Every structure is written in structure tokens, then in C-alpha cells.
> 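Here you go, one structure.
Bear in mind the structure is a predicted one, so any value in this text is a computation, not a measurement. The figures that follow rest on heavy atoms only: side chains count, while hydrogens, waters and symmetry mates do not.
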Amino acid sequence: MSCANCSGTIQDTLESLDGVSEADANFATDEGSVTYDPDEVSLREIYDAIDEAGYGAVSETVTIAISDMTCANCAETNETALERTPGVINAEVNYATDEAQVTYNPAAVSVDALYDAIADAGYSPVREAGTDEDSGQDARDAARQGEIRKQLRLTLFGTVLSAPLLFFLVEKFLLGGGVLPETILGVEFGWAEFLLATPVQLVLGWPFYKNSYKAVVKNGRANMDVLIALGSTTAYVYSVAVLLEVIAGGLYFDTAALILLFITLGNYLEARSKGQAGEALRKLLEMEADTATVVDEDGNEEEVPLEDVEVGDRMKVRPGEQIPTDGVVVDGQSAVDESMVTGESVPVEKAGGDEVVGSTINENGVLVVEATKVGEDTALKQIVQTVKEAQSRQPDIQNLADRISAYFVPAVIVNALLWSIVWFLFPEALASFVEWVPLLDLVAGGPVAAGGVSVFEFAIIVFASAVLIACPCALGLATPAATMVGTTIGAQNGVLFKGGDILERAKDVDTVVFDKTGTLTKGEMELTDVVVFDSDGQPIPDGGDPAADGGELTARDRLSEDDVLRLAAIAESGSEHPLARAIVDGARERGIDVSDPDDFENVPGHGIKATVGDSEVLVGNRKLLRDNGIDPSSAQEAMERLENEGKTAMLVAYEGELVGVVADADTIKESATEAVSQLRERDVDVMMITGDNERTARAVAEQVGIDPENVRAEVLPEDKSDAVESIQDDGRKAMMVGDGVNDAPALAVAHVGTAIGSGTDVAIEAADVTLMRDDPVDVVKAIRISDATLQKIKQNLVWALGYNTSMIPLASLGLLQPVLAAAAMAFSSVSVLSNSLLFRRYTPDHDYKLFGRLR
């Protein structure tokens with residue numbers, strides 16, 4: 001806020017929201033207070049309103065690791081608990097990464113309060129000491145490793161006690177029974193099974209009982225733990241009742257124990273797989289240097305911890321060492337391996353004035369680097385943070401899985417109860433119907449009507465199987481696991497997606513709109529031509545004779561080529577535009593002294609108006625001259641010739657008359673043609689937007705393979721967003737590719753905004769995708785990664801949904817053993833994670849094929 005009017009604007013904006021009863025913004029303290037009804041308006045909507053008004057309300061974002069989550073319903077429970085905490089703006093909980101990304105108002109809520117909200121919901125937040133990211137990462141890694149070790153211990157404990165029970169099961173079903181004695185040392189064999197199964201039920205079953213209680217009693221929603229607890233307890237309690245001769249039937253202690261063993265084994269494998277999925281990101285952080293060699297003004301060197309390096313410090317980097325922080329080379333020359341940041345395997349030559357990225361490796365020469373960004377501001381930390389945020393923002397396709405998961409567990413329980421009751425009431429009719437199912441037989445011979453166990457016992461079997469076969473965790477893992485791998489693949493190849501929703505959206509792009517300068521071209525303009533016109537407006541091929549008075553321009557007809565160039569260079573010396581810099585540098589290379597103009601005015605999109613001595617100089621396009629009463633028609637032929645050569649030609653006027661033309665040329669990037677070709681092979685239309693004139697734009701478009709009809713030329717910077725919107729008005733889904741600064745409005749309105757070649761500055765707010773390299777081919781890579789990730793998500797969802805769709809009916813019809821149902825349930829989530837982990841081998845230099853090559 002810069003004045004009292006700002007505070008009034010904010011106040012009016014907030015009070016216009018439904019649910020806000022009072023708002024006050026204090027310009028003196030830079031603070032505001034809002035009284036609102038949380039049932040009508042959320043804190044997030046209040047923050048968004050302030051943002052849309054052109055101001056920014058302070059917020060902070062924290063990542064919290066959460067233990068004990070077993071399915072997507074657990075993630076949703078934590079999300080709800082966090083969002084209900086006063087002061088929380090937004091919360092995203094990712095089951096695949098076991099982390100919550102929480103944006104909150106630091107004036108209203110503390111991180112400890114967020115921990116408490118998670119704990120009150122019945123889960124275990126990883127409480128981190130201090131705010132250091134490295135210590136926080138260590139705490140999360142320690143929690144993850146602790147969970148893996150816990151699940152391994154439980155699995156080994158269950159295996160030791162369940163191995164004899166597994167043998168008993170094999171003896172019963174494969175050997176036909178009768179091999180084992182009915183008593184052991186005078187004790188009935190059933191009691192031996194009871195002694196083996198009970199510790200398993202108590203130790204391995206306890207986490208499921210505890211989590212079921214939290215889910216149902218504390219949070220009012222059922223999760224996967226409820227299904228497991230119901231299935232294993234049903235088998236165990238029924239067996240105890242039979243053993244105590246309360247009811248008649250068979251013993252299922254082996255089933256009860258093996259259910260818990262297989263699920264626990266699945267949890268162990270799942271925990272390991274989750275750790276492997278995030279391994280690439282952790283390795284990226286581990287590449288950070290530990291120390292830096294700081295050089296003082298006297299040339300003295302001192303090795304200091306990385307956290308002690310400050311902006312402005314100069315660091316010496318020897319061959320083979322890591323560059324400690326982002327910076328600029330002030331001395332030396334070397335090749336730097338930037339592959340860990342950009343994915344580019346070829347080392348990049350660096351010399352004085354070049355930017356370098358922290359944690360990249362100096363290959364040969366000695367460099368002296370001045371630190372420009374340290375700590376959390378470095379490119380490496382920004383990349384990791386961007387990827388983490390992307391993983392917390394799930395694709396829209398996840399909404400489908402979330403909606404299904406919300407009703408899944410209750411529906412499974414109702415289905416299991418329904419079929420067990422139906423089997424109990426109509427055993428003969430159902431048994432007759434199921435006999436028509438090929439290749440499969442009823443479990444335990446079916447109900448007594450079919451020659452098997454009692455009707456009640458068979459109903460219990462159906463209930464346990466129908467409960468255990470369902471697997472909401474596979475459904476919950478399908479999207480986040482693939483998204484996590486996809487965003488990491490992007491980061492490894494220098495492609496940063498702002499969110500999983502962007503990752504999903506990029507695959508639908510049917511039109512790519514390139515900005516020209518700095519995107520398809522290198523943006524390194526060079527002066528190529530100077531054309532001089534005589535007093536009659538005719539071009540002078542040799543530039544004319546030099547002025548006899550040493551350069552004093554006393555007569556209109558005595559201008560030389562150097563005179564025209566000097567006028568243009570002085571006028572342009574106040575501009576930072578690449579075209580202007582090329583004119584100034586070209587003049588100095590010719591030995592022309594370039595002074596500052598007496599007055600300078602930039603006319604956006606048209607050129608420069610300056611005062612040199614007592615005379616006015618114009619340098620720009622035809623419209624600039626016409627607007628100032630000068631006819632540019634005599635230069636038409638020269639302008640067309642230069643523009644047809646792909647050069648940017650600018651008219652020069654002096655004292656109200658046309659005196660010449662200067663032309664710059666930009667070099668097209670080597671990979672621009674290949675990028676356009678690959679996009680067209682994917683049936684993606686390629687277009688170009690530029691402020692250049694029509695002929696220059698078409699010449700460049702022709703060189704890179706863009707259809708001249710797809711060129712939008714002479715577009716002012718402020719009009720680029722309108723041009724993109726007009727393209728999308730035809731129903732196109734456009735990706736705008738620009739430099740991320742001048743093209744920000746256009747990037748914001750595009751279906752996907754992509755900032756290319758942003759170097760160390762990875763935090764471009766307007767862009768949905770940031771490309772770390774100056775390579776247009778990476779645009780194709782971004783689309784490929786998006787397409788591949790969505791294919792992997794769909795594979796996972798097809799498996800998870802297909803598995804449940806096919807297996808639940810089998811269990812309901814009494815065709816599936818409970819112990820096999822439990823094993824299948826555990827295998828389902830592990831298979832989804834394994835399928836996602838296989839995706840890590842994909843490289844985006846080709847389209848992803850399910851049954852094709854991976855590398």
C-alpha cells in the first residue's frame with residue numbers, strides 16, 4: 001500500500017464479498033482485520049480478493065510430513081482438519097509423498113497449531129526443530145525410514161508366527177487334510193492355531209484397530225483400515241467362537257493371521273516404494289556444496305560453511321569443484337557442467353559477466369564468482385520447491401479418484417453385508433446360479449446346500465472376502481504417485497511444472513505460440529546495414545561523402561553513413577532494448593563516439609524520439625515517422641529488401657526529414673527448426689507473435705518452418721495477451737512460449753504459459769511451465785512429459801478400478817478365499833506404485849509408449 005486510497009480500495013474490495021461483515025485496512029501499520037462468516041466465505045477467497053485488487057497479503061507455506069496415513073481417505077481427513085484451523089488459507093495433502101503443503105496466515109496461526117490439528121485428527125506429524133530446510137528434510141527422511149523399519153519388524157514378526165499357519169492352510173487345501181494330527185501333546189490342534197494367531201492379531205492388528213477408531217469415531221469416515229480390521233477380526237472372532245464350541249463350523253485362525261501378514265507386507269513394500277519415488281529429488285538436494293572458498297579484497301582465501309556465504313561475496317572455484325551458490329563470473333574462464341539443473345549434458349563455456357548456477361560443476365579453469373543468490377533463493381532450492389509444490393497440486397483427474405474414495409469404503413461394507421445376508425437367506429438359489437460361472441468353484445465347497453460348510457459359516461466367508469478384496473489405497477495412489485514421478489522427470493530435464501494440474505493440462509495443447517526474439521532467435525542482435533538517403537530522399541549506395549567540417553552537421557546533404565549511424569546510436573543510447581544495444585555497439589565498433597542524447601523519449605512499440613544538440617532525431621518504424629509528419633515512402637524499397645532478408649530495419653529521421661535506415665539481424669537458434677518440426681509431427685499448430693514488421697516476421701517464420709499465415713506481426717507488448725486470447729477464441733488450447741518477463745500478460749492468459757531460457761530465475765509468477773534452458777525443443781519435452789504422465793495415471797486408474805470392478809463381484813459370489821483377497825489387496829497398491837516407479841526410466845526425447853522403448 002502506498003497511500004490511504006490503497007487501504008480504502010482494499011477495504012471496499014473485502015466488504016463487497018458475501019460473508020464479510022466488516023473490513024479495515026490500516027495504511028500506517030500495513031495491517032488489516034476482517035470479520036467474516038467462514039460458512040459463506042473462506043480465508044483463501046479473502047486473500048484472492050486482496051490479490052486481485054493489486055495488493056498482496058502476507059502468507060507463508062510450510063511442508064509437513066505425516067505418518068500413519070494408509071489411504072486417500074486419510075489424506076482427505078488431514079486436509080479437512082488443516083483447512084478448518086483458523087488462519088489456514090489452503091491445505092493440500094499428498095498420500096503418495098506423505099506430506100501436507102499448508103499456506104497460512106502467520107499472524108493468526110503457528111506451525112505448532114498445524115501440528116496439533118494433524119495430531120487431533122489422529123495422525124502423527126513430523127515435528128521439525130527450527131525452520132532450516134535441510135534439518136526439516138532430515139526429519140522427514142528419518143520419519144520415512146522409521147516407518148519402513150517399523151513395517152519390516154512387524155512383517156518379520158508376523159512371518160515367524162504365520163509360517164506354520166500357512167503350512168496348515170496348504171495342508172488343508174492342497175493335501176486334502178488328514179496329514180496333521182488332531183492333537184499336539186494332548187492339546188487340540190485348534191488351540192495351537194489359536195496360540196500362533198493371537199499374537200499376530202494383537203501386534204499386527206493393533207495399528208489397524210487404532211486407525212479404524214480414529215477414522216470412524218474421531219473423524220466420522222471409514223478408511224482402508226476399517227476394511228482390514230473388519231475382515232481379519234471376523235475370521236478371528238468366528239474361529240474363537242468355534243473353538244469355544246459356541247457355534248459349529250471350521251477354524252479360520254490361519255486366514256485371520258495371514259490377512260494381517262499380507263497387508264503388513266504390502267505396507268512395507270509401499271513405504272519402500274514411496275521412498276524410492278522421491279529419491280531423485282533428495283539426490284538433487286544432496287548435490288549442494290557444503291563449503292565455499294571466499295576471497296576478500298586483499299586476495300586472501302578462507303573456506304567457510306555454505307550457510308555463511310552472503311550476496312556480494314566473491315568465491316574461488318577450482319576445477320572439479322562445485323559452484324557454491326548462484327552468481328556471476330567476475331574473473332576466469334571455464335566450462336561448467338549444468339546437467340543437474342538444465343538436463344543439458346554438454347558443458348557450457350563461462351567467462352566474465354556470465355551467470356552460473358549453484359551446485360553445478362566447474363570442469364577445467366579457475367573461476368571467481370560473485371554470489372547473487374544464496375540460501376533458499378538459489379536455483380537448486382527453487383527447483384526443488386517448485387517440484388514439491390507441483391506434487392501437492394494434483395491434476396483434475398484426481399478429483400474422480402477422490403470422489404470415488406469418499407464413498408468407496410462405506411459402499412464396500414454395505415455390499416459385503418448385503419451379500420452375506422443374501423447368501424444366508426437364499427443359499428440354494430445362489431449356489432445354483434454360481435455353478436454356471438466357469439473355472440471357479442465356491443469357497444469351502446459352498447454352503448451346506450451345495451455340499452459344503454454351514455450357511456452361517458459361508459456367509460461369514462463371503463463377508464470377510466468382500467470386505468478385504470476392496471483396495472481404496474490403490475485408487476488413492478494412482479494419480480499422486482505418477483504425478484510425483486512426472487514432475488521429477490521434468491525437473492531432471494530442465495522442465496519445471498508449477499502444479500500437477502499444469503502437468504495434466506499441457507498434453508491438451510493443440511497450438512504453440514512462440515514469441516520471436518529470445519525464444520526462436522538468440523535475442524543477440526547485430527548491426528548489419530546502414531543506408532543513407534540524400535536530400536531528395538534517394539538512397540546513396542556508398543553512403544555519401546564524409547562531412548568536410550569534421551562531423552558538424554550543418555547541411556542536410558552532407559550526411560555520411562557514419563553520420564546517420566552516429567545519430568541513431570546517440571538517440572538509442574538511452575534504451576536497453578536489444579535492437580538499440582546492437583546499434584550502439586555497432587557504432588562503437590566502427591570507432592564512432594556515442595554520447596548521451598540531450599533528451600530521450602521511448603515510444604513503446606514504435607521507436608525512439610531524442611534530441612541531439614538542438615535537433616530532433618527519430619529512430620523507429622513507419623508509424624513513428626508518420627505520426628511526426630514525415631513521409632517514409634521513399635525508403636519503402638530499401639526497407640522491403642532488408643525485411644525480406646529477415647532483418648529488422650529502422651528508419652532514421654533528422655530535423656524533420658528522412659536521412660537513412662539502420663538494420664539489425666538476430667540469429668535463429670539452432671534447435672528452433674527442429675522444435676517446430678517435432679511439434680508439427682504431433683499435429684500441433686505452430687504460430688509466432690512478434691512486434692517486428694510483417695516481412696521480417698515472415699522471413700524468420702519461413703526459416704524455422706512456420707506457416708506464414710500463422711504469423712502475428714507488429715503486435716505491441718501490451719497487445720500480445722489480446723492476440724493470444726483471440727487465438728483461443730477459436731476453441732484452440734494454446735501454449736504461449738516467451739521470455740517470462742515482457743510476455744507475462746500473454747503467458748497468464750494462455751491455456752499453458754511457458755517461460756523459456758529463464759536461467760537462474762525459476763520463480764516466474766506468470767508462467768505455468770518454466771524451461772531452464774534456452775532451447776525451444778524443451779517445449780516439445782514439456783508436452784511429452786505431460787502426455788506420458790497422464791498415460792501413466794490412466795494405467796494406474798485402470799488397474800485400480802479394474803481390479804476392484806472384477807474382484808469384488810467374485811468375492812460377493814463366494815468364489816474367493818479371504819486370505820487370497822487380502823493378498824490381492826496388498827498386491828494392488830504395490831503394483832500401482834511399481835508401475836509408477838518404472839516410469840522413472842522414461843526420457844522425454846521421444847513419445848512415451850506403454851509397450852515400446854523406455855529409453
> State, with a plain yes or no, whether a side-chain heavy atom of V530 is found less than 4.5 Å away from one of R590.
yes

> May I ask you to test the L658-L651 pair for a side-chain heavy-atom distance under 4.5 Å?
yes

> Should the pair E670-K522 be classified as a salt bridge under the 4.0 Å nitrogen-to-oxygen rule?
yes

> Provide the full list of salt bridge (charged side-chain N to carboxylate O under 4.0 Å, His left out) pairs with a residue in residues 698-717, sequence neighbours left out, each pair given once.
E694-R698

> Scan residues 603-624 for pairs that pass salt bridge (charged side-chain N to carboxylate O under 4.0 Å, His left out), counting only residues two or more places apart or in two chains.
R622-E643, K623-D627

> Among all residues two or more places apart in sequence or in another chain, which pass the side-chain contact (heavy atoms from CB on, under 4.5 Å) test with V749?
S721, V724, E725

> With no hydrogens and no angle check, is any side-chain donor or acceptor of R695 less than 3.5 Å from a backbone partner on K647?
no

> Strictly distance-based, threshold 3.5 Å: is any side-chain N or O of S677 a donor or acceptor partner for the main-chain N or O of E674?
no

> Salt bridge between K720 and D515, side-chain N to carboxylate O under 4.0 Å?
yes

> Heavy atoms, side chains only, cut-off 4.5 Å: are L367 and V336 in contact?
yes

> Check whether any side-chain N or O of D51 sits under 3.5 Å from a backbone N or O of Y47 as a donor-acceptor pair, and report yes or no.
no

> For a 4.5 angstrom cut-off between non-hydrogen side-chain atoms, does V532 reach S560?
no

> Distance-only, no hydrogens or angles: does the T519 side chain make a donor-acceptor pair with backbone N or O of K516 under 3.5 Å?
no

> Does a side-chain heavy-atom distance below 4.5 Å link V357 with I323?
no

> Quick one: do K350 and V369 satisfy side-chain contact (heavy atoms from CB on, under 4.5 Å)? Show the steps, please.
CA-CA 11 Å; K350 300 289 183 180; V369 177; over 6 Å; no

> Side chains of V564 and Y654: does their closest heavy-atom pair fall under 4.5 Å?
no

> With the side chain counted from C-beta on, respond yes when F497 and V769 share a heavy-atom pair under 4.5 Å apart, and no when they do not.
yes

> Knowing that exactly one of V686, I706, T673, I668 qualifies, which makes a side chain to side chain contact (heavy atoms under 4.5 Å, CB included) with L520?
I706

